[in-house]
Amino acid sequence: MWKELIKIWKSDDLLVQAWKESYEMLQLSREMFVQSVQELTKHSKKKTLIALKKRDMEINEFHRNIRRKVMTHLVLQKDATDIPNGLVLINMVVDIERVGDYSKNILDLAISSSKTLKAEKVNEDLKMIEDEVLLRFDKTMEAIHSQDSEVARELVATHRRMVAKTSDKLVDQILKGKVTFGSESKAASVALYARYLKRIGSHLTNIMTTLINPFESVGYVPKE
């Protein structure tokens, strides 16, 4: 299916435009994610954070435009050959939009926190998750751009081990009181942040399933 999608991507109609915009949308989501992580740790002025949050509106506009173009293309087509491709694209941009939402949630943490998020006792784990999610973001964009199914398979196969388990373990330790930070608000912020990073990683993994799974299995990740 992916090879067929690439053929469409290289043509010049509404569905092509939608595919190209989906990549631009993913680039914008990555930019917003990087900025949100930076702002959480350096504690900028509130107006700066609110301005960054508004970039989510750009992602939402991409989402609406892509859905509109896919729907228009499918309605105007005389045959049904592009229906699976259009459905795959619509699934993919939902995950990209959700990445933007979670990046916005990270900015909400920065706005709500009176101090920078320096959770010394778990900084190593948090940094590891941050770095892994950013790496996976870059590899996701690379895989989509080059149609590399092997990169996609690797990202899908390793998400649970490299991101989800570390996040779950950290949140579990906080909830059980095994790790404390001197205040309930800080503990809650760290737990939420770890969970947001996990969810961003999960949505990136869902995007990668479009390269390797049949349509009915898009978004489903096998257990490691």
Side-chain angles (χ1 to χ4, degrees), residues 1-2 4-6 8-9 14-39 52-74 82 84-108 129-130 132-149 151-156 158-159 162-164 167 195-213 215-221:
M1 181 182 291
W2 188 250
E4 294 301 316
L5 293 174
I6 296 306
I8 293 172
W9 204 346
L14 284 176
L15 196 56
V16 172
Q17 294 173 29
W19 273 102
K20 290 178 179 178
E21 287 184 14
S22 72
Y23 192 77
E24 294 175 23
M25 183 181 177
L26 186 59
Q27 289 177 309
L28 178 56
S29 292
R30 181 194 178 280
E31 184 180 331
M32 189 172 177
F33 168 69
V34 171
Q35 290 178 330
S36 67
V37 170
Q38 291 173 345
E39 295 301 333
L52 284 174
K53 275 188 64 177
K54 290 182 179 179
R55 300 211 68 187
D56 183 60
M57 296 172 65
E58 297 176 47
I59 294 176
N60 293 338
E61 185 62 25
F62 265 119
H63 191 189
R64 287 190 292 268
N65 285 339
I66 291 167
R67 287 193 299 182
R68 185 182 304 113
K69 287 178 178 177
V70 170
M71 180 59 66
T72 302
H73 176 86
L74 296 180
D82 284 343
N85 303 324
L87 293 177
V88 167
L89 177 54
I90 287 174
N91 270 272
M92 190 172 83
V93 295
V94 168
D95 284 300
I96 299 174
E97 191 269 339
R98 293 302 292 149
V99 169
D101 284 345
Y102 282 111
S103 296
K104 186 171 65 173
N105 291 154
I106 293 173
L107 287 170
D108 283 331
I129 301 172
E130 282 178 6
E132 181 64 25
V133 172
L134 180 56
L135 176 64
R136 297 172 83 85
F137 224 132
D138 291 338
K139 285 188 173 182
T140 296
M141 296 184 67
E142 170 196 334
I144 291 177
H145 186 70
S146 61
Q147 308 99 56
D148 195 330
S149 60
V151 171
R153 291 182 197 281
E154 176 192 358
L155 292 175
V156 170
T158 58
H159 165 70
M162 299 300 293
V163 178
S167 173
R195 186 62 71 207
Y196 295 155
L197 290 172
K198 174 187 173 181
R199 295 309 307 153
I200 289 172
S202 295
H203 285 292
L204 292 174
T205 302
N206 288 347
I207 293 169
M208 288 293 86
T209 65
T210 63
L211 273 71
I212 59 175
N213 288 358
F215 174 70
E216 63 272 15
S217 297
V218 167
Y220 287 92
V221 179

Q: If you round to the nearest 0.5 Å, how far is CD of Glu31 from CZ of Arg55?
A: 4.0 Å
Q: Please walk me through it: do Leu14 and Val70 pass side-chain contact (heavy atoms from CB on, under 4.5 Å)?
A: CA-CA 7 Å; Leu14 284 176; Val70 170; over 6 Å; no
Q: Taking all non-hydrogen atoms of both residues into account, name the closest pair between Asn213 and Tyr220 and its distance.
A: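 Distance-wise, the nearest heavy atoms are ND2-O, 3.2 Å.
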Q: Distance from Leu155 atom CG to Thr140 atom OG1, nearest 0.5 Å?
A: 5.0 Å
Q: Just by distance, do the side chain of Asp148 and the backbone of Glu142 share a donor-acceptor pair under 3.5 Å?
A: no
Q: What closest approach, in Å, do Ile200 and Phe137 show between heavy atoms, and which atom pair accounts for it?
A: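 Smallest heavy-atom distance, with atoms named: CG2-CE1, 4.5 Å.
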Q: Taking NZ, NE, NH1 and NH2 as the nitrogens, is one of them in Asp95 or Arg98 under 4.0 Å from a carboxylate oxygen of the other?
A: no
Q: Are the side chains of Leu107 and Met32 in contact, using a 4.5 Å heavy-atom criterion?
A: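 The answer is yes, as the side chains (C-beta and beyond) meet within the 4.5 Å cut-off.
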Q: Which atom names give the shortest non-hydrogen contact between Ala18 and Ile66, and what distance separates them?
A: O-CG1, 3.8 Å
Q: From Asn65 CG over to Gln17 CD, what is the distance, rounded to the nearest 0.5 angstrom?
A: 10.5 Å
Q: Between Ser167 (side chain only) and Ala164 (backbone N and O only), is there a donor and an acceptor less than 3.5 Å apart?
A: no
Q: Applying the side chain to side chain contact (heavy atoms under 4.5 Å, CB included) test to Val218, which of Asn206, Ile207, Thr210 qualifies?
A: Thr210
Q: Does some side-chain heavy atom of His73 sit less than 4.5 Å from a side-chain heavy atom of Val16?
A: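 In short, these two side chains do not touch, never coming nearer than 4.5 Å.
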Q: Give the minimum heavy-atom separation between Gly219 and Thr209, together with the two atoms involved.
A: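 Looking at all heavy atoms of both residues, the shortest contact is N-OG1, 2.7 Å.
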Q: Answer whether the closest heavy-atom distance between the side chains of His63 and Val94 falls below 4.5 Å.
A: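 Counting from C-beta outward, His63 and Val94 do come under 4.5 Å.
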Q: Give the C-alpha distance, both sets of side-chain angles, the deciding distance and a yes or no for side-chain contact (heavy atoms from CB on, under 4.5 Å) between Leu197 and Glu130.
A: CA-CA 7 Å; Leu197 290 172; Glu130 282 178 6; 3.9 Å; yes
Q: At their closest point, which heavy atom of Val151 faces which heavy atom of Ala143, and how far apart are they?
A: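 Residues Val151 and Ala143, closest heavy atoms: CG1-CB, 4.0 Å.
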Q: Would you say that Arg199 contacts Asp101 through its side chain, given a criterion of any heavy-atom pair below 4.5 Å between the two side chains?
A: no
Q: Output, in order, the C-alpha distance, side-chain angles, deciding distance and verdict of side-chain contact (heavy atoms from CB on, under 4.5 Å) for Glu61 and Arg64.
A: CA-CA 5 Å; Glu61 185 62 25; Arg64 287 190 292 268; 2.7 Å; yes
Q: Starting at OG of Ser22, measure out to CD1 of Ile96 and round the result to the nearest 0.5 Å.
A: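 Rounded to the nearest 0.5 Å, the OG-CD1 separation comes to 5.5 Å.
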Q: Run the salt-bridge test on Glu24 and Lys20 with the 4.0 Å N-O cut-off and return the result as yes or no.
A: no
Q: Do Met208 and Glu154 have side chains that approach each other closer than 4.5 Å (heavy atoms only, starting at C-beta)?
A: no
Q: What's the spacing between Met162 CE and Thr205 OG1 if we round to 0.5 Å?
A: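 Separation between the atoms: 11.5 Å.
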Q: Looking at Thr72 and Lys69, would you say the former's side chain and the latter's main chain have a donor-acceptor pair under 3.5 Å?
A: no
Q: Checking Arg30 against Asp138 for the side-chain contact (heavy atoms from CB on, under 4.5 Å) test, could you report, in this order, the C-alpha distance in whole Å, the side-chain angles of both residues, the deciding distance, and whether it holds?
A: CA-CA 8 Å; Arg30 181 194 178 280; Asp138 291 338; 2.5 Å; yes
Q: Taking all non-hydrogen atoms of both residues into account, name the closest pair between Ser103 and Ser29 and its distance.
A: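 Heavy atoms of Ser103 and Ser29 come nearest at OG-O, 4.3 Å.
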Q: First locate atom CG of Asp56, then atom OH of Tyr102, and finally report the distance between them rounded to the nearest 0.5 Å.
A: 12.5 Å
Q: Under 3.5 Å, is there a donor-acceptor pair between the side chain of Gln147 and the main chain of His145?
A: yes
Q: Any heavy-atom pair between the side chains of Phe62 and Val93 that's under 4.5 Å?
A: no
